[in-house]
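Here's the structure, in structure tokens; my notes come after.
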Number of protein chains: 2
Amino acid sequence: MYNCIMYSKQLLKGSLKTIILTVLKERGRMYGYEITQHVKSITEEGLVLTEGALYPALHKLEAEGFLLAEKESIGRRVRKYYSLSEKGMEAVAEKVNEFDAFVQMMQLILHPKTSKS
Amino acid sequence: MYNCIMYSKQLLKGSLKTIILTVLKERGRMYGYEITQHVKSITEEGLVLTEGALYPALHKLEAEGFLLAEKESIGRRVRKYYSLSEKGMEAVAEKVNEFDAFVQMMQLILHPKTSKS
DNA sequence: AATTATACATAAGAATATTATGTATTGCAA
DNA sequence: TTGCAATACATAATATTCTTATGTATAATT
């Protein structure tokens with residue numbers, strides 16, 4: 001039993017796909033479990049992706065043509081590696097810009113003094 | 001028909017209550033419609049709160065004890081004014097901190113170079 | 001007189017998450 | 001060698017929170 005940081009839960013909504021696309025752009029080729037470990041690691045347990053959210057999101061991104069998937073056998077186990085399609089490559093920057101723009105607008109509301117430039 | 005900025009839609013999830021609590025802390029006492037106009041104004045149409053999201057959120061925050069509500073007659077029309085309860089006052093900073101922490105973690109993922117400090 | 005803005009509310013539906021469960025392999029420690 | 005934790009995938013039931021649509025009604029503008 002470890003202390004779970006609760007605040008990552010509701011806020012995560014809507015940004016999971018952006019996370020997936022970004023880490024895949026940065027690292028090229030990853031499998032689902034690897035993505036969860038990577039995100040957990042660089043946020044120091046701050047963001048913990050649940051499998052019930054991750055796998056459906058990966059499947060949807062693949063179905064929408066943003067991701068390419070290939071299965072690979074590691075010993076007797078099968079991993080599903082994902083990478084960005086061309087469409088996915090084009091979408092990453094846009095997704096990140098959307099997130100940044102959203103955050104800027106939130107700063108206007110949450111920190112009106114400091115963010116009015 | 002005006003151009004709606006699409007990216008505010010999905011990303012908004014989870015942050016509406018934080019917005020409501022924050023603007024009420026800043027302005028003291030507001031009614032629902034006023035909140036939508038205020039947010040629309042300071043974000044220059046960037047964030048547009050829909051009534052279908054706002055009113056249920058206000059009702060929930062009231063039911064949870066974060067907000068106090070009182071109806072006021074303006075001419076023949078009735079406004080419902082909201083203000084922070086004591087519990088609401090205590091929750092604002094926490095909510096904002098949660099959002100900021102979430103954004104910081106997202107920066108680690110989306111902008112690893114610049115945010116590693 | 002008709003349209004837009006103000007002001008509230010709720011219902012149907014969609015999207016996206018949590019939690020729980022299931023299967024199966026691999027590695028490690030008791 | 002046995003059992004537990006970690007790895008690796010997947011899906012179903014449920015919850016939350018949003019969008020869109022609809023409804024009611026007053027006030028202001030064109």
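Order of the sequence lines fixes the chain letters, A, B, ..., with proteins taken first and strands second; residue numbering starts at 1 for each chain. As the structure is a computational prediction, the values presented were derived from the model and not from experiment.
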Query raised in the report: Going through the checks in order, is the side-chain contact (heavy atoms from CB on, under 4.5 Å) test met by A/M30 and A/L24?
Result: CA-CA 7 Å; A/M30 298 175 88; A/L24 282 175; 3.8 Å; yes
Query raised in the report: Which parts of residues 63-72 of chain A get close to DNA chain D, meaning a heavy atom less than 4.0 angstrom away?
Result: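 DNA chain D contact set from residues 63-72 of chain A: none.
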Could you give the [atom1]-to-[atom2] distance, from [X] to [N], as a whole number of Å?
X     : N      : atom1 : atom2 : value
B/E51 : C/dA11 : CD    : C1'   : 14 Å
B/E62 : C/dC8  : CD    : P     : 12 Å
A/L61 : C/dT16 : CG    : P     : 10 Å
A/I35 : D/dA10 : CD1   : P     : 11 Å
A/L54 : D/dA10 : CG    : P     : 9 Å
A/Y81 : D/dA8  : OH    : C1'   : 11 Å
B/K80 : C/dT6  : NZ    : P     : 21 Å
A/L16 : D/dT16 : CG    : P     : 20 Å

Closest nucleotide among [options] to the [X] side chain:
X     : options                : result
B/Y55 : C/dT10, D/dC9, C/dT18  : C/dT10
B/K17 : D/dT19, D/dT17, C/dT10 : D/dT17
B/A53 : D/dT19, D/dC9, D/dT26  : D/dT19
A/K60 : D/dA10, C/dT16, C/dT10 : C/dT16

**Report entry** Inter-residue atom distance A/Q104.CD - B/L47.CG, 0.5 Å rounding
**Finding:**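 Atom-to-atom, A/Q104:CD and B/L47:CG are 11.5 Å apart.
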Query raised in the report: Got a sec: does the NZ of B/K25 have more than 12 other heavy atoms crowding it under 6.0 Å?
Result: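 Counting neighbours around NZ of B/K25, 12 or fewer heavy atoms of other residues, nucleotides or ligands fall under 6.0 Å, so no.
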Query raised in the report: Contact class for B/E34 vs. all strands (heavy atom < 4.0 Å): base, sugar-phosphate, or nothing?
Result: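 No contact.
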Requested in this report: Answer with base, sugar-phosphate or nothing: what part of the nucleic acid does A/G32 contact at a heavy-atom distance below 4.0 Å?
Outcome: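 It contacts sugar-phosphate atoms only.
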Requested in this report: With the side chain counted from C-beta on, respond yes when B/I20 and B/L54 share a heavy-atom pair under 4.5 Å apart, and no when they do not.
Outcome: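 Yes, at least one pair of side-chain atoms sits under 4.5 Å.
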Report task. Check whether any side-chain heavy atom of A/L49 lies under 4.5 Å from a side-chain heavy atom of A/Q37, and answer yes or no. Result ->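 When only atoms from C-beta onward are counted, A/Q37 and A/L49 do not touch, as no gap falls below 4.5 Å.
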Query raised in the report: Are any side-chain N or O atoms of A/S85 and backbone N or O atoms of A/G88, one a donor and one an acceptor, separated by less than 3.5 Å?
Result: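 Looks like yes, one N/O pair under 3.5 Å.
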Query raised in the report: Taking only N and O in the side chain of A/H59, is any of them less than 4.0 Å away from OP1 or OP2 of D/dT11?
Result: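 For D/dT11, OP1 or OP2 has a side-chain N or O of A/H59 closer than 4.0 Å.
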Query - Cationic N near anionic O, under 4.0 Å, A/R27 to A/E34 - result: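 Salt bridge present between A/R27 and A/E34.
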Query raised in the report: Which sits closer to the 5' end of DNA chain D, A/I74 or A/P56, going by the nucleotide each is nearest to?
Result: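 Nearest nucleotide further toward 5': that of A/I74.
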Report task. Decide yes or no on side-chain contact (heavy atoms from CB on, under 4.5 Å) for B/K17 and B/L61, but give the supporting numbers first. Result -> CA-CA 8 Å; B/K17 288 184 179 178; B/L61 286 170; 3.8 Å; yes
Please tabulate, for side-chain N and O atoms in residues 64-74 of chain A, each donor-acceptor pair with protein atoms closer than 3.5 Å (sequence neighbours left out).
| unit_1 | atom_1 | unit_2 | atom_2 | d |
| --- | --- | --- | --- | --- |
| A/E70 | OE2 | A/R29 | NE | 3.2 |
| A/E70 | OE2 | A/R29 | NH2 | 3.2 |
| A/E72 | OE1 | A/R29 | NH2 | 2.8 |

Query raised in the report: Under 30°, 30 to 60°, or over 60°: which ring-plane class applies to B/F102 and B/F99, parallel, tilted or perpendicular?
Result: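 Judged by the thresholds at 30° and 60°, the geometry between B/F102 and B/F99 is tilted.
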Please list, for nucleotides 3-7 of chain D, all pairs of protein and nucleotide N/O atoms separated by less than 3.5 Å.
| unit_1 | atom_1 | unit_2 | atom_2 | d |
| --- | --- | --- | --- | --- |
| D/dT7 | OP2 | A/Y33 | OH | 2.2 |
| D/dT7 | O5' | A/Y33 | OH | 2.9 |
| D/dT7 | O3' | A/R77 | NH1 | 3.1 |
| D/dT7 | O2 | A/R77 | NH2 | 3.4 |

